[in-house]
Q: 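Here you go, one structure.
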Amino acid sequence: MDDTPLQATTRLSARIFRFDPATDTAPRYETIEVPHEPRMRVLDVLDYAVDECGLSIGYRYFCGVKRCGMCGVNVNGKPVLACWEAATASMVIEPLSNMPVIRDLTVDRSAFERATVELEPRLVRTTPYTSFPEHYTHDDVAATFPLMNCIECYVCSSTCPAVAVTGPGPRDRDGHRDFVGPGTLVQIAKAALHPKDELDRSGMLELASVDNCMSCHRCEEVCPVGIPIVSHAILPLRALAAKGPRGLARFPLDFAQNVRANADIHSASLFVKAHGLWRALLRLPMVLRMLVHGKTRMFAAASASARQGIDAIFRAAGL
Amino acid sequence: MAMKFAYYPGCTAKGSTREADIATKWLAGKLGIELMELVDAGCCGSCEIKAVNPTLHFMLNARILSMAADRDLEILTICDTCQANLLHTSRRMQEENDAKKSLLERLKSAGVSYRATPRVRHLAAILRDEIGVENLRRHVVRPLEGLRVAPFACCHSFRGPGASGVGNEGSRETLEALVALSGATPVAARLDSDCCGFHILMVNEALSARAAGKFLSRCVEMKADCIVTTSPLCHTALDIYQHKAESVAGRRFDIPVLHVEQLLALAFGAESKAIGLERHMVSTASIVRRMSMAA
Amino acid sequence: MSSPRAVETDIIVIGGGCAGVYAALKIQTEGLRVLQVVKGFLGRSGASIFAGNLQLQKTKDPVEEERFMAVRARYGSSYLNDPDYIKRACRFTEDVFFPEMEQRGLYLRRDAQGELVTSADRKAGNVWAPTQGFSGTMIMELLRKESLVRGVPLLQETMVTSLLVQDGIVAGVTALDIVRGEFFVIRAKAVIIATGPGNYLATRSTATREQCGNGFAMAYRAGADMQDLEMQWFHASDIASPKSWMRLHLYPNPMPVTDKALALHGADGKVFFHLGMNPKVKQPYYLQMRHLYNEVKRGNADWHGGFSGGFMHIEPEIMENYSYQTQFFRHVGIDITKDLVACGITWHMTFGGIRTDNRTMATTIEGLFAPGGVGSHGVGSITYVSYDGTIAAEQACERARRICLPALPEDLAQREQERVQGRLSRKTGDGLLPAQVKKRIRAVMSEKMGYVKSEAKMTSALGDLAAIRDDLLPRMGVGSESRTWNYDWVEALDAEDMLDVCDLTIRASLQRRESRGYFFREDYPYIDNRNWLKHTVARRSGDGVAFEFTEAAPIFRPEAEIDDFLSAEY
């Protein structure tokens with residue numbers, strides 16, 4: 001929503017990022033003044049820059065109304081969709097982060113798109129499809145319905161602190177890969193959480209470093225569609241990945257086990273469980289420093305009553 | 001002013017960042033806040049239990065809420081992740097729907113009679129709401145003049161389903177106000193897209209450290225003397241693992257990290273040992289010297 | 001001039017919407033080589049993503065099928081469509097499209113009992129995947145994933161600039177890679193052109209940014225017959241502001257769950273159009289336009305404002321739960337339970353297009369097939385174009401198996417490369433950027449080729465466009481000669497295509513001396529079924545265009561020979 005009420009007579013200022021890698025050594029900025037019109041969007045500002053100011057700014061859009069997902073830009077440091085974001089009095093318009101700049105505001109999304117394709121985003125049935133229409137109630141699709149409006153704009157992935165600055169790299173020989181980002185994971189979750197999906201995705205997901213999500217919720221904060229990304233895509237996918245055959249993403253299970261046994265987290269034993277004894281021993285210098293600074297307890301401290309109470313909760317939750 | 005709260009410090013403040021607990025108790029003593037610690041409360045589940053079983057996550061937190069409710073006390077937290085988990089759960093438990101009914105039944109079978117939902121606030125919000133910035137300012141005997149402090153609000157305090165408030169009553173604004181009242185100069189080094197990386201420390205330490213390093217670099221560039229946090233988890237990532245962030249970034253940071261309780265306590269006259277300043281991995285000696293304090 | 005990138009394949013598919021993707025997937029299944037070339041991104045632009053409502057078909061009941069065909073012929077095309085095509089497309093929709101798409105994961109909105117959510121008047125047969133206004137986006141998302149995972153060869157952000165046709169036979173296409181500025185010459189045995197029905201030729205248009213008449217232009221220039229280009233649809237109720245939201249449509253169809261629909265209000269606030277005025281017509285777009293005309297004439301509206309859409313009589317939960325658009329109104333502070341939404345008209349899809357045989361999708365150029373909205377056989381349903389794409393693919397495959405790769409017309413390819421390269425030149429003197437020239441073209445069409453047409457306005461429009469071609473085009477140029485993602489360069493090519501298509505459309509409009517459907521001539525304000533149950537057919541002739549007329553399919557006939565257009569119900 002607009003922060004400051006803008007009247008029709010207000011002139012807005014837009015400082016726009018320009019860069020052509022073929023000819024420029026460094027980015028530059030061009031500033032224009034735009035007469036405000038009611039309900040103006042950032043996209044209208046960019047159109048004005050070309051149509052009225054005669055600037056050859058490279059920017060993408062197709063639909064103008066939040067279907068194509070292609071008009072993502074950074075405005076005053078925040079990733080937005082140009083068609084959705086209101087124009088304000090003073091705007092710095094830059095390309096999305098975590099994606100190589102092709103020209104001006106146009107970026108290369110292919111690393112994210114490729115990651116989505118490689119993680120089997122299609123519904124996979126083994127039970128044969130019978131006939132149209134299948135029987136569903138609306139509740140049957142409660143897990144995927146909140147994700148359906150995701151238009152793969154990758155605004156979320158562009159600002160995710162767990163995504164590499166040039167986007168997720170390709171899979172290595174063993175299939176392991178960088179964190180692919182929330183946008184891709186929402187796309188995968190659409191299929192994975194569909195009631196008819198029958199693919200065991202746990203192995204694929206643990207290799208996709210789903211567990212690298214920092215739980216910072218930045219993705220949800222910026223999502224122009226309001227997708228509940230963490231609760232409805234990432235957490236369910238982390239739960240699936242935790243069951244993966246290689247045990248790469250089993251940390252939540254180790255954590256849960258540690259809580260069950262100790263009531264409070266016993267970080268020393270959790271550290272050993274998570275890293276394995278060898279790797280934990282290699283960290284001995286750090287452990288010693290922590291001991292010196294009083295930063296670690298060797299022995300669990302919670303009472304028996306606490307542990308019993310916690311254990312009862314686990315049992316009542318069906319575990 | 002008589003104030004009594006059910007105190008839920010969280011696992012980390014009882015373990016690797018015990019100085020947060022120590023400083024909290026000093027501050028509480030100074031300000032007349034009575035803390036009744038929920039000793040057998042157990043872990044709030046952090047961000048891991050919800051990735052195993054959401055029902056288990058809500059139940060663990062509901063049990064903690066009921067322990068405070070049984071004592072007719074509101075909860076005071078000093079960790080933003082605990083705060084977010086408890087607040088999110090408290091919102092759930094105030095809805096009237098089948099999900100909540102099912103949780104109540106399961107809790108009962110675990111021996112927890114959930115009767116009421118207590119208010120849950122971080123110490124920073126309680127100080128702001130119950131004492132107020134002006135009254136807090138009156139306790140300042142050692143204004144931290146000239147100290148440049150970069151506030152690092154925890155992601156969970158201002159986004160996600162357990163986030164506290166928006167606008168001027170929000171957690172970032174509150175933290176900034178606390179820094180300012182102590183006499184220090186806030187340095188706006190934190191970008192919205194920053195995260196300290198705590199929750200993946202045991203899973204991908206290098207990636208975690210890289211994330212922390214982005215913020216730490218900016219602090220150094222903007223000439224902050226120290227960082228202040230409201231979460232022992234952020235503190236762990238930024239202090240205990242600062243050397244890892246240095247090795248990933250290929251540079252030194254050497255920037256001490258204070259808990260907000262310690263910052264306020266310093267301004268209110270505490271001595272360094274009384275608030276655990278010697279327990280940090282990144283030495284706070286420069287702060288101590290700066291404030292010409294006795295060790 | 002550097003040598004072009006030379007590529008060879010069996011079949012080229014131009015366009016990345018439903019028709020194009022269905023065609024490409026079919027070709028790949030048949031085991032032939034395909035290359036899909038998309039100006040934008042696969043499944044992210046064009047009319048397909050805007051399909052708002054889907055229609056269930058009941059083709060197993062012959063009475064119901066016949067009824068639907070009659071309805072479609074009368075209310076959906078004013079008797080210009082071929083009902084037999086509709087029958088085949090509907091059968092494919094019921095037998096193939098819906099089952100296949102549901103199998104892929106398409107979720108048609110159900111209620112708590114598992115019934116498909118439709119409007120209260122179940123006869124309309126509308127369903128939504130899963131919200132009104134978003135169905136096409138969801139369909140294309142599933143098709144895109146299918147296509148990318150199956151590895152269908154694809155060039156995106158690559159603009160086909162011409163069809164290479166020699167002796168009436170297609171031999172391939174030329175294309176410009178927008179990202180790197182490289183010129184492609186692609187040879188093939190068959191070409192499927194599926195560039196869609198929408199063309200951003202007027203200031204307000206429902207076509208997406210990149211749809212600038214390129215498909216029509218390249219086919220026409222290559223010598224294909226074009227048909228019924230004057231039959232241009234309009235939307236009456238698209239949001240008036242902000243400008244960038246002109247494609248935000250306020251649907252006049254019956255809403256989910258209820259039988260209520262949007263009402264149109266004049267400047268005086270009173271309702272001048274609602275669905276109840278003619279209950280037989282479920283998709284009353286063309287009726288909205290006629291009633292709006294009366295309001296404009298009364299001074300109670302104008303084409304680009306002064307009238308509004310109202311949802312206040314519709315239960316808020318329905319708008320909230322079932323309409324994708326509702327969030328947009330809220331986002332700009334409109335409370336649709338109390339406020340009206342100011343609207344303007346927009347140029348919508350072209351009913352006509354490249355002349356096709358609707359049994360084979362063949363055009364008058366051998367080896368060129370035109371499925372979907374770009375063809376002349378119909379428009380307005382995403383499900384039908386899946387049929388089109390499948391048929392076109394089958395035909396193209398049959399051809400590709402039968403013939404050898406046609407010889408490359410080197411001189412044509414060379415001249416085309418020179419033309420394209422020539423447009424990468426800077427503007428001279430007080431010359432304009434191509435985007436600015438396009439804006440002027442659109443302004444002419446908006447002003448003089450809007451809903452209300454007359455010979456005087458159209459002739460004047462021809463003059464304006466000729467002036468743009470003679471005065472502005474020579475001095476038009478790019479801001480920079482970089483080849484990297486140079487959208488000025490793309491828009492320069494667009495400007496040329498737009499001038500060709502606009503000129504042709506106006507000339508076709510001048511030919512039809514009657515009114516019909518959305519085509520309204522103030523100088524001929526009647527539906528003339530005696531003389532004009534016909535198609536206009538246009539083809540290049542020397543430097544100009546020649547017209548011919550063919551009879552429309554006679555299966556259903558209107559009762560009156562002459563009808564007053566403004567009061568007719570079809």
Side-chain angles (χ1 to χ4, degrees), chain A residues 1 20-23 37-41 43-44 47 50-51 54-56 58-59 61-70 82-84 86 102-104 106 113 116-117 120-123 125 129 131-141 144-145 148-149 151-152 187 190-191 194 196-197, chain C residues 40-41 44-46 49-50 94 98-99 102-105 107-114 116-117 130-131 134 136-138 141-142 145-146 148-149 179 208-210 241-248 324-325 327-328 331-333 432-433 435-436 439 478-480 482-488:
Chain A
M1 297 297 279
D20 181 350
T23 56
E37 281 179 30
R39 306 179 187 159
M40 200 169 204
R41 305 292 104 187
L43 183 56
D44 294 299
D47 288 344
V50 179
D51 292 347
L55 297 178
S56 299
Y59 63 104
Y61 85 94
F62 293 106
C63 74
V65 285
K66 215 165 75 162
R67 269 106 161 145
C68 71
M70 299 301 288
C83 70
W84 188 245
I102 296 174
R103 169 129 173 215
D104 299 338
T106 302
E113 291 172 337
T116 302
V117 171
E120 188 44 280
R122 299 175 304 176
L123 181 63
R125 297 172 184 257
Y129 176 81
S131 67
F132 176 80
E134 282 190 303
H135 184 75
Y136 291 105
T137 67
H138 189 57
D139 286 333
D140 288 337
V141 295
T144 47
F145 186 69
M148 283 185 190
N149 283 354
I151 52 176
E152 221 178 336
Q187 294 299 314
K190 286 183 185 186
H194 191 285
K196 300 291 184 186
D197 188 68
Chain C
F41 286 85
R44 292 197 188 279
S45 55
I49 59 167
F50 278 110
E94 183 165 12
F98 276 121
E102 185 173 63
Q103 190 172 3
R104 288 178 173 134
Y107 171 57
L108 297 183
R109 185 65 186 265
R110 307 303 207 263
D111 61 21
Q113 287 71 49
L116 281 169
V117 169
T131 44
F134 199 73
T137 307
M138 185 55 86
E141 178 186 307
L142 294 171
K145 284 167 173 168
E146 182 77 26
L148 292 174
V149 173
V179 176
T208 48
R209 182 208 205 176
E210 84 296 356
S241 83
K243 279 202 196 100
S244 52
W245 282 13
M246 65 185 177
R247 300 171 190 88
L248 191 73
Y324 188 72
Q325 327 291 59
Q327 59 180 312
F328 287 77
H331 195 56
V332 291
L432 298 172
L433 286 181
Q436 296 170 313
K439 193 168 175 187
V478 300
S480 138
S482 165
R483 286 178 174 273
T484 308
W485 215 90
N486 189 335
Y487 212 70
D488 285 350

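Reminder, nothing fancy here: chain letters follow the sequence lines and each chain counts from 1. Atoms considered below: every heavy atom in the structure, side chains included; atoms not considered: hydrogens, waters and symmetry mates. It should be emphasised that the depicted structure is a prediction, and the values quoted were computed from it without experimental measurement.
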Q: Answer with side chain, backbone, both or neither: which region of A:D20 has an atom nearer than 4.5 Å to a non-hydrogen atom of chain C?
A: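 Only the side chain of A:D20 comes within 4.5 Å of chain C.
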
Q: Of the non-hydrogen atoms in A:G64 and A:C83, which two are nearest, and what is the gap between them?
A: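 What the structure gives for the nearest pair is O-CB, 3.2 Å.
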
Q: With a 4.5 Å heavy-atom cut-off, do A:V65 and C:F50 have their side chains touching?
A: yes

Q: Under 4.5 Å from any heavy atom of chain A, what part of C:Q325 do you find: side chain, backbone, both or neither?
A: side chain

Q: So what's closer than 4.5 Å to chain C heavy atoms on A:E120: side chain, backbone, both or neither?
A: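 Looking at A:E120, just its side chain touches chain C.
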
Q: Using a cut-off of under 4.5 Å on heavy-atom pairs, state which of C:S482, C:G479, C:G105 scores highest against chain A.
A: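 With the most close heavy-atom pairs to chain A, the winner is C:S482.
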
Q: Does any backbone or side-chain atom of A:R125 lie under 4.5 Å from a heavy atom of chain C? Answer side chain, backbone, both or neither.
A: side chain

Q: Quick one: NZ on C:K243 to CE on A:M40, what's the gap to the nearest 0.5 Å?
A: 6.5 Å

Q: Looking at chain C, which one of A:A82, A:P21, A:P121 has the largest number of heavy-atom pairs inside 4.5 Å, strictly under?
A: A:P121

Q: With chain C as the partner, which of A:D47, A:L55, A:L123, A:T23 has the greatest number of non-hydrogen pairs under 4.5 Å?
A: A:L123

Q: Is there a side-chain contact between A:E37 and A:D44 in this structure, where contact means two heavy atoms from C-beta onward sitting under 4.5 Å apart?
A: no

Q: Using a 4.5 angstrom heavy-atom cutoff, name the option from A:G58, A:G54, A:A22 with the most pairs to chain C.
A: A:G54

Q: Using non-hydrogen atoms and a 4.5 Å limit, figure out which bit of C:Q113 sits close to chain A: side chain, backbone, both or neither.
A: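 When you check distances to chain A, only backbone atoms of C:Q113 fall under 4.5 Å.
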
Q: Tell me, side chain or backbone of A:T106 under 4.5 Å from chain C's heavy atoms, or both, or neither?
A: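 Contact with chain C: side chain only.
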
Q: Looking only at heavy atoms and a cut-off of under 4.5 Å, which of C:L116, C:L108, C:V179, C:V149 has the most pairs with chain A?
A: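 Looking at each of C:L116, C:L108, C:V179, C:V149 in turn, C:V149 comes out on top.
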
Q: Return the CD1 to OG1 distance between C:I49 and C:T208, rounded to the nearest 0.5 Å.
A: 6.0 Å

Q: What part of A:Y59 gets within 4.5 angstrom of chain C, counting heavy atoms only: side chain, backbone, both, or neither?
A: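 When you check distances to chain C, atoms from both the backbone and side chain of A:Y59 fall under 4.5 Å.
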
Q: What closest approach, in Å, do A:C68 and A:C63 show between heavy atoms, and which atom pair accounts for it?
A: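 Minimum heavy-atom contact is N-SG, 3.3 Å.
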
Q: By a 4.5 Å heavy-atom criterion (distance strictly below it), what part of C:L142 contacts chain A: side chain, backbone, both, or neither?
A: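 Interface part for C:L142: neither.
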
Q: Could you check which of A:D140, A:D139, A:V141 has the highest count of heavy-atom pairs closer than 4.5 Å to chain C?
A: A:V141

Q: Given the options C:G40, C:A435, C:S45, C:G46, which has more heavy-atom pairs under 4.5 Å with chain A than any of the others?
A: C:S45

Q: Among A:M70, A:R103, A:K66, which residue forms the greatest number of heavy-atom pairs with chain C at distances under 4.5 Å?
A: A:R103

Q: Counting heavy-atom pairs under 4.5 Å with chain A, which one of C:E141, C:R110, C:E102 comes out on top?
A: C:E102

Q: Between C:P130 and A:F145, is there a side-chain heavy-atom distance shorter than 4.5 Å?
A: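 The answer is yes; the side chains approach within 4.5 Å.
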
Q: Could you have a look at C:R104, C:E94, C:K145 and say which one has the most heavy-atom pairs with chain A under 4.5 angstrom?
A: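 If we count pairs closer than 4.5 Å to chain A, C:K145 comes out on top.
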
Q: Can you tell me which portion of C:L433 sits under 4.5 Å from chain A's heavy atoms? Options are side chain, backbone, both or neither.
A: side chain

Q: Where does C:L432 contact chain A at under 4.5 Å (heavy atoms): side chain, backbone, both or neither?
A: neither

Q: Chain C: which of A:R67, A:M148, A:H135, A:K196 shares the most heavy-atom pairs with it under 4.5 Å?
A: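 Heavy-atom pairs under 4.5 Å are most numerous for A:R67.
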
Q: Looking only at non-hydrogen atoms, find the nearest pair between C:S244 and A:L43 and report the distance.
A: CB-CD2, 3.8 Å

Q: Report yes or no: is the cationic atom of A:K190 (NZ for Lys, CZ for Arg) under 6.0 Å from the centre of the six-membered ring of C:Y107, at an angle within 45° of the ring normal?
A: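 No cation-pi geometry.
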
Q: Name the region of A:Q187, side chain, backbone, both or neither, that has any atom closer than 4.5 Å to a heavy atom of chain C.
A: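 Both backbone and side chain.
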
Q: Which atoms of C:R109 are under 4.5 Å from chain A, going by heavy atoms: the side chain, the backbone, both sets, or neither?
A: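 For C:R109, side-chain heavy atoms alone lie under 4.5 Å from chain A.
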
Q: Please report the interatomic distance CZ(A:R41) to OH(A:Y61), rounded to the nearest 0.5 Å.
A: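 It is 15.0 Å, given to the nearest 0.5 Å.
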
Q: Is C:F41 in contact with chain A via its backbone, its side chain, both, or neither, using a 4.5 Å heavy-atom distance?
A: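 When you check distances to chain A, atoms from both the backbone and side chain of C:F41 fall under 4.5 Å.
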
Q: Parallel under 30°, tilted from 30 to 60°, perpendicular over 60°: which one fits the rings of A:F132 and C:F98?
A: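 Correct class here is parallel.
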
Q: To check you understand the geometry: which heavy-atom pair defines the closest contact between C:S480 and C:D488, and what is its length?
A: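 Closest pair (atom of C:S480, atom of C:D488, distance): N-OD2, 4.4 Å.
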
Q: Please classify the contact between C:D111 and chain A as side chain, backbone, both or neither, with a heavy-atom cut-off of under 4.5 Å.
A: backbone

Q: Checking heavy atoms, do the side chain of C:K439, its backbone, both or neither come under 4.5 Å from chain A?
A: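 Looking at C:K439, just its side chain touches chain A.
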
Q: Indicate the ring-plane relationship of C:H331 and A:W84, choosing parallel, tilted or perpendicular according to the 30° and 60° boundaries.
A: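 Parallel, since the angle between the ring planes stays under 30°.
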
Q: Quick one about A:E134 and A:Y129 (side-chain donor to acceptor, distance below 3.5 Å, no hydrogens or angles considered), yes or no?
A: no

Q: Between A:N149 and chain C, which part of the residue has a heavy atom less than 4.5 Å away: side chain, backbone, both or neither?
A: both

Q: Heavy-atom distances under 4.5 Å only: say whether C:S241 touches chain A with side chain, backbone, both or neither.
A: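 Contact with chain A involves both backbone and side-chain atoms of C:S241.
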
